[in-house]
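Starting from 1, each residue takes its place in the sequence as its number. Every number for a ligand or one of its atoms is a count from 1 in the order of the listing. The basis for the numbers below is simple: all heavy atoms, side chains too, and nothing from hydrogens, waters or symmetry mates.
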Amino acid sequence: MVDYRTVKSVAVLEVNNPPVNALSYNVRQGLQDGIERANKDKEIKSIIIIGKGRTYPAGADISEFSKPHKGPNLIEVGLGIESSRKPVISAIHGTCLGGGLEIALFSHYRIALESAKVGFPEVALGLLPGAHGTQRLPRVAGMAFAMEIITSGRHVSAREALQHGILDKLVKGNLLSESLDFAASLPFSVPHNRRLRNVPAKGAENADRIFEVALNKVKQKQNGFIAPINCLKAVKAALLPYEEGAKIERELFMELLTSGQAKAQQYVFFAERAATRWYVSNEKNQKKCSAVPVKTTGVIGAGTMGSGIVVTLLRAGLPVILVEQDSQNLERGVNMIKGILQGSVNLKRMTSQQMNKCLQQLTPAQSLDSLHNVDLVIEAVFENLKLKEEIFGKLDEICKQQTILCSNTSTLDIDKIARATKRPDKVIGTHFFAPAFVMPLLENVYGTKTSGETIATVMNLGKTIRKIPVLVKTCHGFVANRMLARYQTEASFLLEEGCLPHEYDQVMEEFGFPMGAFKVGDLSGLDIGYRIRQELAKANGYTVTTDTRYIQGERFSSLADKLYELGRLGRKTGKGWYKYDRPGAKEAFVDPDVTDIILKHCKDAGIIRRKISTQEIVERSMYSSINEGFRCLEDGVASKPEDIDVIWLHGFGFPRYRGGPMYYASTIGLAEVYDRICYYHKTFPESSYWVPSDLLRKLATSGRNIPMSDWSTAATVNKSRL
Ligand SMILES: CCCCCCCC/C=C\C/C=C/C(=O)SCCNC(=O)CCNC(=O)[C@H](O)C(C)(C)COP(=O)(O)OP(=O)(O)OC[C@H]1O[C@@H](n2cnc3c(N)ncnc32)[C@H](O)[C@@H]1OP(=O)(O)O
């Protein structure tokens, strides 16, 4: 794990733990042994720590946090490095992160390739840099920079790190030979100030103010997360004598390590990576199927979704032909695209030059014929099966044989859309989330006949356009909207039974969602849900009016439709579930008119309102969705619970520190979740989605604590084997 070799009078400790040289037990042991050995060897004058392969150590081994501790800990290894009598140089390339940067800061000198990045991403794992990182960074880079870097977790370029004193020298070319030259230029002993414990933290004079500003910022931007607050407290402790500060860091670290938040965030780290891996069958899976190259693309529909998708493709360097039949709509779409890109320039996320380059790649067109030669088309027209079938039929005639045809449908059956073509193997759903140029999720939806190659191509496309692609099987609503429907329906029933929109939203925002369901409704527009309900009714042969209380025996709330019919479409009309200062404004105010509408609705329907507890709001919103999540696993629509969690984290802003709905269920305990679902099923028999999922029942009543990794397999085995 750590190869020891000597080059002239220099000991080179090369960390060899692919893929990212994480500081696993064997690496820590190897570094400790190597430092001791080099110090004992009279021929050795200095020591270089370097990473083999793609990077200097990118941090502690995250998978070890949940296991019993083995070997020397990172602090012991670091202290051994710092107290080395012979100068230790960290030679950095790739991503020097977390524990890796701590090892570098224990070293006496840091030299790096210009392409390297450094950072403390622990905050994203619910932790703080607990091997004295919070004590050492302020000593080289100052309190303000340390607080910013440690609470944001951002990766800092080598050049910026040099400017802030984190690195001593940048080099090009061969890192080892540059480091050997650097070593040769050093004194034989370690100067006092190269041991960072001997140096005071910079910026002490303004520390209180810096702390307050930083604290306000994290409370605003990372509300609900405890790690950023502990990070700040730990950095502030760097003003104390070194040992005292390190003791405080340790206490704050241990508090985080044992918190549910850190465990959830570490679960998310691995879940996000697991979600990009896909397996449909022995023949259709990531290992066996390769993506085809996508060099040219087309998007159909220049509405909000279509335009957002175009921006996403353009930003990834892909040329796009945007097709919209109506010239005014096309012009509006192109202006929207320009506006979004200009917004990125204003926010300094891209340069004007980059924006112009993107726009040069955009070809507006009014006919589908212009798509004849593209590699991949994404249809983003209104959610209407007939319309989509018609478009796919035409595309099949127009596009070259190899073109992959994608639909941005959010609910419709991919198999039905595919049937409109003679190439069902090349038809797939690519469900983007609004706004498409912001939301990281891409829910890719395969149909019965979609080929492995097509799946591989859109999973690959997801990465190319910097989204998190998750693969699911077709069904009505797929995973995201199928589960969300439960969540939203329960929210609407809670309004009928006693909540007001702001009361409901406050509870779910305190749970950790960035916005409650009613604020989200106002943001998306109440016309969207209205049209979907009308389309669904048409497709299934029933009618929905503002008097409807039941649809095919199922309870239904027409409150949202009542608001729609009053022209309350949400933010865009300045009125929805809330009122706004003007159309398009963001700040929502409680509207007494909405309270009156709700109260009248309840009176007319003979509903007796009651006080609803926070617990009931959270349980009904989350457990109804979780029950549906288990059904998705049961049906094979989702292949693993991690996929569902990633969908909620990146599609709906589920709080990361709770891991995702399925992980959240595991922390509550499946037996408890199941009991409550049974209770709600008894209480609300007219909502069939409360019927407990078979899989959940199996898992909850097995008498064992079955790990999440076994939930999907449990869907296919019978109870006696659980
Ligand atoms: C008495 C108690 C005393 C306690 C004393 C001890 C106190 C201090 C202890 C610890 C403090 C230090 C904490 C840390 O260092 S936490 C870790 C900080 N580092 C990170 O968070 C980096 C995480 N990794 C990444 O961000 C990326 O992987 C990357 C930027 C390094 C590379 O990105 P990319 O090229 O896109 O690769 P992948 O992300 O796909 O990763 C490849 C592969 O590697 C796995 N992996 C990555 N990092 C780690 C890691 N740190 N630990 C374990 N595994 C890691 C990743 O899961 C992928 O695996 P695969 O999916 O199976 O391929």
Side-chain angles (χ1 to χ4, degrees), residues 1 15 17-28 31-32 51 53-80 92-106 115-137 149-150 152-157 227 230-231 234 246-258 262-263 265-279 286-287 459 462-464 466-469 640 642 646 656 709:
M1 290 278 185
V15 180
N17 186 20
V20 298
N21 287 324
L23 294 154
S24 316
Y25 144 71
N26 283 329
V27 174
R28 296 194 303 273
L31 284 173
Q32 192 178 53
R54 66 197 239 199
T55 186
Y56 187 86
D61 182 341
I62 301 166
S63 65
E64 282 187 359
F65 287 135
S66 52
K67 295 179 192 154
H69 186 75
K70 256 169 74 179
N73 69 41
L74 212 52
I75 298 176
E76 290 161 343
V77 176
L79 292 175
I92 297 169
H93 76 295
T95 40
C96 165
L97 303 174
L101 181 53
E102 287 173 317
I103 290 293
L105 291 172
F106 276 114
S115 55
K117 296 236 160 96
V118 305
F120 279 128
E122 284 87 339
V123 71
L125 301 165
L127 295 173
L128 56 77
H132 298 189
T134 64
Q135 304 305 296
R136 288 172 177 266
L137 189 61
I149 292 310
I150 292 176
S152 70
R154 81 176 164 93
H155 297 185
V156 177
S157 71
N230 279 21
C231 284
K247 185 167 170 275
I248 292 177
E249 180 198 83
R250 166 73 65 88
E251 286 161 7
L252 292 164
F253 177 79
M254 292 311 290
E255 193 179 301
L256 293 175
L257 188 67
T258 50
K263 287 183 189 131
Q265 287 175 249
Q266 286 155 32
Y267 160 80
V268 169
F269 176 85
F270 290 112
E272 283 171 342
R273 282 152 182 84
T276 62
R277 289 193 280 269
W278 61 276
Y279 179 95
Q286 195 177 6
K287 286 197 179 135
M459 291 301 280
K463 288 189 192 162
T464 308
R466 291 185 277 282
K467 298 278 176 207
I468 300 185
K640 48 190 184 304
E642 288 91 337
V646 170
R656 223 176 150 81
S709 49

Only heavy atoms of Phe270, strictly under 4.0 Å: list the atoms of ligand 1 that pass. 57 (O)
Taking all atoms of both residues into account, what is the closest heavy-atom pair of Leu127 and Ala262, and its distance? CD2-CB, 4.1 Å
Nearest heavy atoms of Pro121 and Gly98, plus distance in Å: CD-N, 3.5 Å
What's the separation between atom CD1 in Ile103 and atom OH in Tyr56, rounded to the nearest 0.5 Å? 6.5 Å
Among His132, Gln266, Glu249, Glu122, which residue places a heavy atom closest to atom 13 (C) of ligand 1? Glu122
Mode of Arg54 contact toward ligand 1 - side chain, backbone, both, neither (heavy atoms, under 4.0 Å): side chain
Within this structure, what is the OH-CD distance for the pair Tyr25 and Glu64, rounded to the nearest 0.5 Å? 10.0 Å
If the cut-off is 4.0 Å to any non-hydrogen atom of Thr95, which atoms of ligand 1 fall inside it? 31 (C)
Going by the order shown, which atoms of ligand 1 are within less than 4.0 Å of some heavy atom of Leu125? 16 (S), 17 (C), 21 (O)
Under 4.0 Å from any heavy atom of Phe269, which atoms of ligand 1 are there? 23 (C), 24 (N), 47 (C), 48 (N), 57 (O)
Between NZ on residue Lys463 and OG1 on residue Thr276, distance to nearest 0.5 Å: 4.5 Å
Would you call Glu272-Arg656 a salt bridge at under 4.0 Å N-O? yes
His69 to Arg28 - nearest heavy-atom pair and separation: CE1-NH2, 3.6 Å
Closest protein heavy atom to atom 44 (O) of ligand 1, given as residue, atom name and distance to 0.1 Å: Pro19 CG, 3.3 Å
Nearest to atom 2 (C) of ligand 1, what protein heavy atom do you find, and at what distance? Met254 SD, 4.2 Å
In this structure, are over 12 heavy atoms from other groups packed under 6.0 Å from Lys117 atom NZ? no
With the threshold set at under 4.0 angstrom, would you say Glu102 reaches ligand 1 through any of its heavy atoms? yes
Answer yes or no on whether Arg273 is positioned over the face of Phe269, meaning its NZ or CZ is under 6.0 Å from the six-membered ring centre and within 45° of the axis. yes
Start with the C-alpha gap between Glu122 and Leu256, add the side-chain angles, then the distance that decides, and say whether side chain to side chain contact (heavy atoms under 4.5 Å, CB included) holds. CA-CA 11 Å; Glu122 284 87 339; Leu256 293 175; over 6 Å; no
Geometry only, no angles: is Gly99 polar-contacting ligand 1 at N/O separations under 3.5 Å? yes
In the protein, which heavy atom is nearest to atom 49 (C) of ligand 1, and how far is it? Val20 CG2, 3.7 Å
Heavy-atom contacts under 4.0 Å between Asp61 and ligand 1: side chain, backbone, both, or neither? both
Nearest 0.5 Å, please: how far is CG in Leu74 from CG in Asp61? 11.5 Å
Atoms in ligand 1 with a heavy atom of Arg277 nearer than 4.0 Å: 60 (P), 61 (O), 62 (O)
Nearest protein heavy atom under 4.0 Å from atom 36 (O) of ligand 1, yes or no: no
Between Ala60 and ligand 1, is there a nitrogen or oxygen pair with a distance under 3.5 Å? yes
Here the gap from Phe120 atom CZ to Ile150 atom CD1, rounded to the nearest 0.5 Å, amounts to 5.5 Å
Heavy-atom protein neighbour under 4.0 angstrom from atom 62 (O) of ligand 1: yes
Working to the nearest 0.5 Å, report the span between NZ of Lys263 and OG of Ser66. 9.5 Å
For Ala58, which part has a heavy atom under 4.0 Å from ligand 1: side chain, backbone, both, or neither? both
Closest protein heavy atom (residue, atom, distance) for atom 40 (O) of ligand 1: Arg273 NE, 3.9 Å
Any idea which protein heavy atom is nearest atom 9 (C) of ligand 1, and the distance to it? Phe253 CZ, 3.9 Å
Taking only heavy atoms of Ala131, which atoms of ligand 1 are found under 4.0 Å from at least one of them? 8 (C)
Can you pull out the closest protein heavy atom to atom 7 (C) of ligand 1? Residue, atom name and distance to 0.1 Å, please. Gly130 O, 3.4 Å
Pair Met254, Leu257 - check side chain to side chain contact (heavy atoms under 4.5 Å, CB included), show working. CA-CA 5 Å; Met254 292 311 290; Leu257 188 67; 4.2 Å; yes
Is the closest N or O pair between Ile62 and ligand 1 shorter than 3.5 Å? yes
Side chain, backbone, both or neither: which part of Asn73 comes within less than 4.0 Å of ligand 1 when only heavy atoms are counted? side chain
Stepwise side chain to side chain contact (heavy atoms under 4.5 Å, CB included) test for Asn26 and Asn17: CA-CA 9 Å; Asn26 283 329; Asn17 186 20; over 6 Å; no
Check if Phe120 has a non-hydrogen atom at a distance under 4.0 Å from any atom of ligand 1. no
Minimum-distance protein heavy atom relative to atom 1 (C) of ligand 1: Arg250 NH1, 3.9 Å
Below 4.0 Å from any atom of ligand 1, is there a heavy atom belonging to Leu127? no
